[in-house]
Amino acid sequence: MSSHPPSLFERPLQAPLAARLRPQRLDEVAGQQHLLGAGQPLRVAIERGDTGSFLLWGPPGTGKTTIARLVARHVDAEFVPFSAVTDGVPRLREVVAAAEQRRQLGTRTVLFVDEIHRFNRAQQDALLPHVESGLLTLIGATTENPSFELNGALLSRLRVFVLEALDAEALGAVIDRAISDGERGLGGRQLVLTPEARELLVRESDGDARRALTVLEAAAVLADGGAGEEVAPLTAALLAQALQTRLPHYDKSGEQHFNLISAYHKSLRGSDPQAALYWLARMIEGGEDPLFIARRTVRFASEDIGLADPRALELALAARDAYHFLGSPEGELALAEAALYCATAPKSNRVYVAWKAALDAARATPAAPVPLHIRNAPTGLMKELGYGAGYQYAHDAPNAYVPQDYLPDEVRHRVFYEPSGFGTEKEIARRMEWWAELKKKMEDGG
């Protein structure tokens, strides 16, 4: 008889490793010390037994379901899971009826709504009276920004606690516990996780404990399927095989969409080509529409570079056209080229500021008349009325410049555009100063 432990395939079906290792006490929860550490707000509320209804917002695999279960256990309440994807209002009515019966027996009900951001308006409205009355202690879990997904009435009745992706130390602790725990983990399998494999698993799990444990369990199955060794090594190569393709955490219609494009735009503005390339790559890898990125790059070239380097707008438009012509992956290189050019170009928002000021002035003076001398006079009557009278043709002047007014009286002395001292705008500023000096000389009769 072989002394090798029975294969995982020969064992009875059991819960996945991530479910078996779910923390049983608050102190076992990995990370989230800003919420569950001594004296922190959620920890204090749980220990008092009076959390009220609240929302847990954070990335996948950070402990939202675990915390909800621990709250119910700590306050000695019935834990009722509810899926916003599969359950509807009829199921909610059943939950409410059962909660009424429990309340008569002195037992509280914690309703845990996973993916609460998928609740429609009717479902959210149906929850309101029972949350407000205290019949149900609602604990919602979401990976999406609740300010975008929940209606104001429900959100105003919930405290929002933000969970963070697990850092390397917290993830490493979860992995080590899984390897060593002989009762609920893999401790009885005589597995050895190499340092390189551990580092790879921590890095590739993206702060998601559930993902780390799922991959670790898959790697254990692969290791266990080998020759009958006493000790099964979990190598980096084995972990890479278990990992397969990692799906980026990205939602093209959710908060990540706005966060990443914001990071890209601000990296360009901050003249950081390395960060700009990274966020561009993150969006491309996440499945963002490259033409959306191209449009934002064109906008950036106008808003944050402007006339400091007019070539930036030309290159951004060329990158858009190149991507439209080539598609992926070839066209992505044009987007990268435009990103690098914009990140390293001199910056000026003076066009943006000038345009905003001009719009404000136009809205404040919508009826200001065009000065007569710069009006067109295509008919005799219009000439008789003074249209075009006194207009001086600039090209007839020695310097192709005539000091005459082109603004209505209401905004005659307004200055909308003031060039910066960077790039091409430095030359534009020099020209404008020369025109101003020439105008003063001509007006003084010089």
Side-chain angles (χ1 to χ4, degrees), residues 14-16 18-29 32 35-36 40-58 60-144 146 149-163 184 210:
Q14 57 181 334
R20 300 199 309 270
L21 276 183
R22 191 182 297 282
Q24 304 298 307
R25 297 178 293 105
L26 287 174
D27 291 336
E28 291 181 3
V29 177
Q32 317 311 334
L35 298 178
L36 298 176
Q40 295 303 315
L42 185 54
R43 178 67 176 253
V44 170
I46 293 172
E47 290 175 343
R48 282 203 317 256
D50 184 23
T51 62
S53 293
F54 63 91
L55 187 67
L56 296 168
W57 170 29
T62 52
K64 296 186 289 293
T65 303
T66 293
I67 291 173
R69 287 183 176 277
L70 291 175
V71 167
R73 177 179 297 178
H74 201 87
V75 301
D76 198 23
E78 183 75 15
F79 180 84
V80 179
F82 191 99
S83 172
V85 177
T86 60
D87 295 329
V89 173
R91 164 67 178 145
L92 182 59
R93 293 195 189 101
E94 295 174 4
V95 170
V96 168
E100 289 279 13
Q101 293 177 354
R102 287 190 205 98
R103 183 160 65 174
Q104 292 174 8
L105 299 173
T107 302
R108 297 160 61 179
T109 300
V110 167
L111 178 66
F112 175 66
V113 181
D114 197 16
E115 297 187 276
I116 195 171
H117 58 274
R118 296 185 182 275
F119 256 7
N120 60 38
R121 295 288 175 178
Q123 289 171 312
Q124 293 183 39
D125 289 343
L127 272 175
L128 273 176
H130 311 299
V131 171
E132 199 162 42
S133 70
L135 173 65
L136 300 175
T137 297
L138 172 65
I139 302 179
T142 181
T143 56
E144 302 295 326
E149 306 297 337
L150 298 185
N151 66 42
L154 181 58
L155 191 57
S156 68
R157 289 162 174 80
L158 303 175
R159 294 179 70 186
V160 178
F161 295 107
V162 180
L163 280 71
R184 292 185 286 157
R210 187 186 302 109

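Any value given below was found using the heavy atoms of this structure, including those in side chains, with hydrogens, waters and symmetry copies removed. Source: prediction; values computed, not measured.
- Remark: the backbone N or O of Val110 is not paired with any side-chain donor or acceptor of Thr137 at under 3.5 angstrom.
- In terms of modelled atom types and a separation under 3.5 Å, the side chain of Arg157 and the main chain of Ala153 share a donor-acceptor contact.
- The pair Arg69-Glu78 fails the salt-bridge criterion, with no side-chain N (NZ, NE, NH1 or NH2) lying under 4.0 Å from an Asp/Glu carboxylate O.
- Every pair passing salt bridge (charged side-chain N to carboxylate O under 4.0 Å, His left out) that includes a residue from residues 94-109 is listed here, sequence neighbours excluded: Arg91-Glu94, Glu100-Arg103.
- Looking at Thr109 and Leu135, their side chains never come closer than 4.5 Å, going by heavy atoms from C-beta outward.
- Between Ile116 and Leu55, the closest side-chain pair of non-hydrogen atoms falls below 4.5 Å.
- Nearest approach of Gly49 to Val75, heavy atoms of both residues: CA-CG1, 3.7 Å.
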Exercise. Report the C-alpha distance between Ser53 and Leu158 in whole Å, list the side-chain angles of each, state the deciding distance to 0.1 Å, and finish with yes or no for side-chain contact (heavy atoms from CB on, under 4.5 Å).
Key: CA-CA 5 Å; Ser53 293; Leu158 303 175; 3.5 Å; yes

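- Arg118 pairs by the side-chain contact (heavy atoms from CB on, under 4.5 Å) definition with Ala84, Val85, Glu115, not counting sequence neighbours.
- Between the side chain of Gln40 and the backbone N or O of Leu36, no donor-acceptor pair lies under 3.5 Å.
- A 4.5 Å side-chain heavy-atom check between Gln24 and Arg184 finds at least one atom pair inside the cut-off.
- No side-chain heavy atom of Thr66 sits less than 4.5 Å from a side-chain heavy atom of Arg210.
- The salt bridge (charged side-chain N to carboxylate O under 4.0 Å, His left out) search around Arg159 returns none, not counting sequence neighbours.
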Practice problem: Show the numbers, then the answer: is there a side-chain contact (heavy atoms from CB on, under 4.5 Å) between Val80 and Phe112? | Solution: CA-CA 6 Å; Val80 179; Phe112 175 66; over 6 Å; no

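- Considering only heavy atoms from C-beta on, Leu35 stays 4.5 Å or farther from Ile67 through its side chain.
- Within the 3.5 Å criterion, the main-chain N or O of Pro129 finds a donor-acceptor partner in the side chain of Ser133.
- The stretch residues 87-110 participates, sequence neighbours left out, in no ring pair (Phe, Tyr, Trp, His ring centres under 6.0 Å) pair at all.
- Side chain of Lys64 to main chain of Trp57: no donor-acceptor pair is present (N/O by atom type, distance under 3.5 Å, no hydrogens or angles).
- Looking at Asp76 and Thr107, their side chains never come closer than 4.5 Å, going by heavy atoms from C-beta outward.
- With sequence neighbours excluded, no residue satisfies salt bridge (charged side-chain N to carboxylate O under 4.0 Å, His left out) with Arg73.
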Practice problem: Starting from the C-alpha separation in whole Å, work towards a yes-or-no answer on side-chain contact (heavy atoms from CB on, under 4.5 Å) for Leu26 and Ile46. | Solution: CA-CA 10 Å; Leu26 287 174; Ile46 293 172; 3.8 Å; yes

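- Applying the ring pair (Phe, Tyr, Trp, His ring centres under 6.0 Å) rule to pairs touching residues 115-142 yields Phe82-Phe119, sequence neighbours excluded.
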Exercise. Kindly indicate, with the supporting measurements, whether the criterion side-chain contact (heavy atoms from CB on, under 4.5 Å) is fulfilled by Phe79 and Val71.
Key: CA-CA 9 Å; Phe79 180 84; Val71 167; over 6 Å; no

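- Residues Thr142 and Leu56 have side chains not in contact (no heavy-atom distance under 4.5 Å, counting atoms from C-beta outward).
- A distance-only check finds no donor-acceptor pair linking the side chain of Glu47 to the backbone of Ala45 [under 3.5 Å].
- By the 4.5 Å heavy-atom criterion applied to side chains, Pro60 and Thr143 are counted as neighbours.
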